[in-house]
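Please read the structure below before turning to the comments.
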Amino acid sequence: MTRKSLLERSRRAVWHPCTQMKTHESLPLVPLSRGEGVWLYDTDGRRMLDGVSSWWVNLFGHCNPRINDAIAEQLETLEHAMLAGFTHEPVVQLSERLAALTGHALGHAFYASDGASATEIALKMSMHAWRNRGETGKSRFVSLAGSYHGETVGALAVTDVALFRDAYAPLIRSGATVCSPDARAAEPGESDEDVAERAAQALAHYLETHHHDIAALIVEPLVQGACGMAMYHPHYLRRARELCDRWNVHLIADEIAVGCGRTGTFFACEQAGIWPDFICLSKGISGGYLPLSLVLTTDDIYACFYDDDVRRGFLHSHSYTGNALACRAALATLDIFAADDVITANRARAERLGAATRAAFGDDPAVRHLRQRGMIVAFDVDTPLADFSTRYFRAALAHEVLLRPIGNTVYFMPPYIVEDDDIAHLVGGARKALDAALRP
Ligand SMILES: *Cc1c(COP(=O)(O)O)cnc(C)c1O
């Protein structure tokens, strides 16, 4: 199969996600042939370092032998069976191990396949839990400015990214948006923590007047990814927890992007020393191999549904709920976390990634707000170029790096196996790409 015909056939038959397909008249698709570790290879054998972990999902590299072996073994045993009325070892083990990772604060796991479905589940469970308690008025949700929780119609109600929302406005039952604790909003003399406190006061004010209608506050803990890696102080999460308790509102932590060690702890919420009522996980949980998402919740919420009456149960399902292959990939992923003490090893790795980025970009007058939380490093580029993101993407590919800026925000979110030479390649390529992208 020649490269050219693969691209032609893809353009004709495949509708690519998050894409105006007409742009591919001039911007060629990248035809991939294989992946190995941090590298992806195109059909001409050219390599590129996966600097965004393939849309934030990959943790331990492509074609990781340990995850491959686990999936292959599971494939010989049980590939999939319905989870209503049935159960199996991988789904039980995974639920037990995730419960243990929360210190059994959130001991019940409900499964789906994609991140947006996990958001839908958390929203439905929250509202239904209040209803089962007789609080029928609590059916609205609060989210942060710039929030992203997925793109299904329900999830768009708590997603504040105009580009993804506006066309579907008539379908969406909008929730309320409160001020984001994004540290970039600091006034002169204000610390990150001050900004977080200011945002918490806005939340306090909102909940004080509207708590009767509100089922839950949903947040992306510590890093709001899709709006451009907005980072904030953990103080906000502590205050959000207090305020939700005070006004009888659930706290949903969407850890789909920030969970699984991405911010430096297994769950981002750990850095604030709090547990939410719901945690949504997806993306990295299967190591970036298979579509798997889940919602963890507490004994209290679970008890609201436990009854002789069927209608008080949570009657939600997806065909692939608890897929055995995906759960097995997740178990292999958790095995790697434990065996390699990944959270500890990542501390030094993140330090090196941050230092290399500061050395390459710290003094650049076009670079603003260079920031880091664990294995996410980001900065904003001051440029009037409307097509900066596409120019940068192309320029980075020419230097064997896969990077997709969000607007003018360039970010690195590599797999947790980047070694020093990979970091040098990633940051060095990113530096040359910036020079090329800004050149007139
Ligand atoms: C990616 C993402 C989602 C949606 O997950 P999908 O699997 O793409 O549906 C939801 N929330 C956050 C924070 C995300 O980053």
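One-based numbering, in listed order, for ligands and for the atoms of each.
Remark: Glu400 pairs with Arg47, His425 by the side chain to side chain contact (heavy atoms under 4.5 Å, CB included) rule, at least two apart or across chains.
Using a distance-only test at 3.5 Å, with no hydrogens or angles considered, a donor-acceptor pair links the side chain of Glu120 to the main chain of Ala155. Side-chain atoms of Ser53 come within 3.5 Å of backbone atoms of Met413 as a donor-acceptor pair (strictly under, hydrogens ignored). Under a 3.5 Å cut-off, the side chain of Glu36 and the backbone N or O of Cys63 do not form any donor-acceptor pair.
Close contacts between ligand 1 and His149 involve ligand atoms 10 (C), 11 (N) [criterion: under 4.0 Å to a heavy atom]. Ligand 1 places these atoms under 4.0 Å from at least one heavy atom of Trp56: 15 (O). Interface atoms of ligand 1 facing Ala257, defined by a heavy-atom separation under 4.0 Å, are 15 (O). Within the listing of ligand 1, atoms 4 (C), 10 (C) sit less than 4.0 angstrom from a heavy atom of Gly150.
Closest to atom 11 (N) of ligand 1, if we only count protein heavy atoms, is Asp254 OD2, 2.6 Å. Closest to atom 5 (O) of ligand 1 among all protein heavy atoms lies Gly115 CA, 3.1 Å. Nearest protein neighbour of atom 1 (C) of ligand 1, counting heavy atoms only, is Lys283 NZ, 1.6 Å.
Considering backbone and side-chain N/O atoms, Ala116 comes within less than 3.5 Å of an N/O atom of ligand 1.
A side-chain hydrogen bond (donor to acceptor under 3.5 Å, both in side chains) with His149 is found for one member of Asp254, Thr159, Thr119 and no other, namely Asp254.
Contacts between Asp114 and ligand 1, counted as non-hydrogen atom pairs separated by less than 4.0 Å, involve both the backbone and the side chain. Contacts with ligand 1 closer than 4.0 Å are made by heavy atoms of both the backbone and the side chain of Tyr148. Of the heavy atoms in Glu220, only side-chain atoms (C-beta onward) come closer than 4.0 Å to ligand 1. Using a 4.0 Å cut-off between heavy atoms, Glu151 makes no contact with ligand 1 at all.
Taking a distance limit of 4.0 Å, we find that atom 8 (O) of ligand 1 is approached by no protein heavy atom.
You'll find the ring centres of Tyr320 and His318 outside the 6.0 Å limit. Ring pair Phe337/Phe60: centre-to-centre distance below 6.0 Å.
Within the structure, salt bridge (Lys or Arg N to Asp or Glu O under 4.0 Å) contacts touching residues 51-68 (residues at least two apart or in different chains) are Arg66-Asp340.
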(Q) Using side chain to side chain contact (heavy atoms under 4.5 Å, CB included), reason through Leu222 and Tyr236 one step at a time and then give a plain yes or no. (A) CA-CA 9 Å; Leu222 302 184; Tyr236 185 79; over 6 Å; no

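Ligand 1 has no atom lying under 4.0 Å from any heavy atom of Trp55.
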